[in-house]
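Bear in mind that the values here come from a model prediction, so they are computed numbers and not experimental data. The sequence lines fix the lettering, A, B, ..., with proteins before strands; numbering per chain opens at 1.
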Amino acid sequence: MPSWQQITYSDQINADLTGSVVTIGGWVQETRNLGGISFIQLRDRKGIIQVTVLKKKDPALFKDITAIQRESVIVVKGVVKESKEAKKGFEVLPDEFEILNAAESPLPLGVIDKVGADLDTRLNNRFMDLRKESVRAIFRVRAVTLEGIREYLSDEGFLEVSTPKIVAAGAEGGATLFPIKYFDKSAYLAQSPQLYKQNLMASGVDRVFEIAPAYRAEASDTVRHIAEFTSLDVELAFIESSDDVMNVAEGIVHASLKHILKKAGEELELLGVDLPVPEPPYPRVTYEEAIDMLHSNDMSIEHGDDLGTEGEKLLGDIMLRERESELYFITQFPTSLKRGTFYAKRDDRNPELTGYFDLDYRGQEIVSGGQREHRYDVLVSQMRENDMNLQSFEFYLKAFRFGMPPHGGFGFGIERYVQKMLNLSNIREAVLYPRDRARLIP
RNA sequence: GCCCCGGUAGUGUAGCGGCCUAUCAUCCGAGCCUGUCGAGCUCGGGACUCGGGUCCAAAUCCCGACCGGGGCGCCA
């Protein structure tokens, strides 16, 4: 058998290769044995190529090759032949083949079976699930999304950084932390790079972003929560208001959607997704306006209430119907709802309001952020409001005493973004190996 | 953390006190078939999550455990 370098991908087989000998390799997706002739659909990374075997040509080879269990990995050496019956227009007539790794039977999950499989079954057998083109397409879209985001932020002068995922203290109240043993100390998995990216604002690197896992030990068992997710965190300094922060969030979404359309058109088609790319600026409704809109749509909600999941979803419907927008900001969240977010800057003229915003995509929050409080004294007093132990945040606070510019930023949930973009019913579809309250394997 | 719902062949399901020796599809095996591509035809194979209980009788009702699904709260 030839070396791997000589293996031809299914999509490289064309008229130029007609009559020549090629070696193809992949997974036996299906064998159709008609008695005297048999068709094997061999799947590789690029697609399917048909291997056609004639019994009378080589009875022994016919017997052996048609007996291969589906999903086994084989290499086949044979002659390319044009064929109007084959789907690709070409097929390979084998001279020899080798089973590199036979698949057991039954399969834990059918790759092309005409019956569905529960997400749980699929995730338990993710490697097999990923043999489906449509499942792999999700992760290609995800990769292209990140590529678009990196390209945009890099062009905008943001430096990609990495901050520790093993930390001594948590950033945000509310979200729970995973405790871990760290040599002879106790530590946590980082729920957010918040404190570090703010710290970096005092470093002279005034625009940073990070794409990294974030860990939340929330007992949230929903289709949009996982314990380990990919967070895009952005922070920028010398801003005048939260508007400057929103502009970046908006720019990321717009640029990445355009990038996906350009680079992942086939994947979108395969997934049956028609992806609109709304032009900025995206509508910005204040929290107060949002409450009024919900109120006039017969939802019982009062000013000061959290929008809640119901309110978020309903607002998504309203925004689509009335403003034809699936992406929109909810701005100026009241301080009462952001009190735990001790680092949020409040309006100096009206301390009951913050500049904090959410960016919602089809009724779901995917981004949350705003301008931070950069004045040491104010920050300390807001931390005291939250009964925080200032000593344990000294590394964070210190930076605010030695030249901290005004700044702001946000956290952007990558999987939620991909989920909404592709209309995936569960966020776990957008994670190769999801971690949630119950799932630790695989 | 709270509230609902569910666990039947490898996979996905029907059945929800006796007609169950459990349905259908897919899948697997044997056979026929030289152009299949949701191949077709014949024959065969394979399952009631576990532990208690109720009852003459339990896949079916009750309790518990384990596993899963959905929603809320919270959040990205």
Side-chain angles (χ1 to χ4, degrees), chain A residues 29-41 48-57 62 66-67 69-71 81 83-88 91 103-125 128-129 172-176 191-194 211-234 249 305-313 337-338 340-341 358-361 364-369 410-420 425-428 430-431 436-439:
Chain A
Q29 179 163 291
E30 190 176 19
T31 299
R32 294 239 165 86
N33 188 348
L34 275 64
I37 189 169
S38 188
F39 305 100
I40 294 167
Q41 309 300 334
I48 312 280
I49 183 74
Q50 178 163 280
V51 177
T52 301
V53 203
L54 291 168
K55 192 180 200 170
K56 69 175 184 190
K57 188 181 158 200
F62 184 91
T66 55
Q69 288 293 333
R70 61 183 188 149
E71 293 306 324
K81 184 194 161 208
S83 159
K84 58 181 185 298
E85 284 98 347
K87 267 196 171 156
K88 276 255 160 54
E91 60 194 2
E104 286 180 16
S105 179
L107 301 172
L109 174 69
V111 176
I112 55 158
D113 286 11
K114 297 162 199 80
V115 293
D118 288 346
L119 183 58
D120 191 52
T121 305
R122 293 174 45 207
L123 292 177
N124 284 338
N125 302 283
M128 190 67 76
D129 187 45
E172 304 182 37
T176 8
Q191 63 185 186
S192 156
Q194 183 65 31
I211 295 170
Y215 301 91
R216 306 265 166 105
E218 291 163 355
S220 300
D221 229 340
T222 79
V223 294
R224 61 189 179 281
H225 285 92
I226 37 178
E228 179 183 60
F229 68 95
T230 307
S231 183
L232 161 64
D233 276 90
V234 173
D305 287 352
D306 195 273
L307 264 49
T309 305
E310 186 195 352
E312 264 187 35
K313 287 177 181 166
L337 293 178
K338 293 288 179 189
T341 311
D358 284 353
L359 172 60
D360 280 35
Y361 192 9
Q364 181 169 306
E365 177 185 345
I366 58 165
V367 179
S368 188
F410 53 83
F412 185 130
I414 295 297
E415 287 86 7
R416 281 195 179 177
Y417 183 40
V418 173
Q419 182 191 4
K420 296 308 279 187
S425 59
N426 195 313
I427 194 169
R428 290 160 182 79
V431 186
D436 61 34
R437 229 179 141 187
R439 181 175 290 279

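Contact annotation for Lys338(A): no contact, since no heavy-atom pair falls under 4.0 Å across all strands.
Between Tyr417(A) and Tyr361(A), the two ring planes are tilted [angle within 30° to 60°].
Remark: the Ser220(A) side chain and the C74(B) base include a donor-acceptor N/O pair separated by less than 3.5 Å. Between the side chain of Glu91(A) and the base of G35(B), a donor-acceptor pair under 3.5 Å is found.
Partners of Tyr215(A) according to the ring-ring contact (aromatic ring centres under 6.0 Å, His included) rule, which considers only residues two or more places apart in sequence or in another chain, do not exist here. Under the salt bridge (charged side-chain N to carboxylate O under 4.0 Å, His left out) criterion, Glu30(A) pairs with Arg32(A), sequence neighbours left out. Applying the salt bridge (charged side-chain N to carboxylate O under 4.0 Å, His left out) test to Asp129(A) and every residue at least two apart in sequence or in another chain returns Arg122(A), Arg126(A), Lys132(A). Under the salt bridge (charged side-chain N to carboxylate O under 4.0 Å, His left out) criterion, Arg428(A) pairs with Asp221(A), Asp436(A), not counting sequence neighbours. Checked against side chain to side chain contact (heavy atoms under 4.5 Å, CB included), Asp120(A) has the following partners two or more places apart in sequence or in another chain: Asn124(A), Arg439(A). With sequence neighbours excluded, the residues satisfying side chain to side chain contact (heavy atoms under 4.5 Å, CB included) with Glu310(A) are Met299(A). Scanning for side chain to side chain contact (heavy atoms under 4.5 Å, CB included) contacts around Lys87(A) gives an empty result, with sequence neighbours left out. Scored by the salt bridge (charged side-chain N to carboxylate O under 4.0 Å, His left out) test, Arg437(A) finds no partners at all (sequence neighbours excluded).
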Pairing pattern in dot-bracket form [Watson-Crick, G-U; both distances under 3.5 Å; | = partner strand] for RNA chain B: (((((((..(((.....[.....)))((((((.......))))))...(((((..]....))))))))))))....

Quick test: give all pairs of protein nitrogen or oxygen and nucleotides 4-9 of chain B nitrogen or oxygen below 3.5 Å, distance rounded to 0.1 Å.
none

Show the distances under 3.5 angstrom between N or O atoms of the protein and N or O atoms of nucleotides 41-46 of chain B.
none

Per-nucleotide protein contact string for nucleotides 25-30 of chain B (B base, S sugar-phosphate only, - none; heavy atom under 4.0 Å): BSSSS-

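Taking side-chain N and O atoms only, Lys55(A) has no distance below 4.0 Å to OP1 or OP2 of G35(B).
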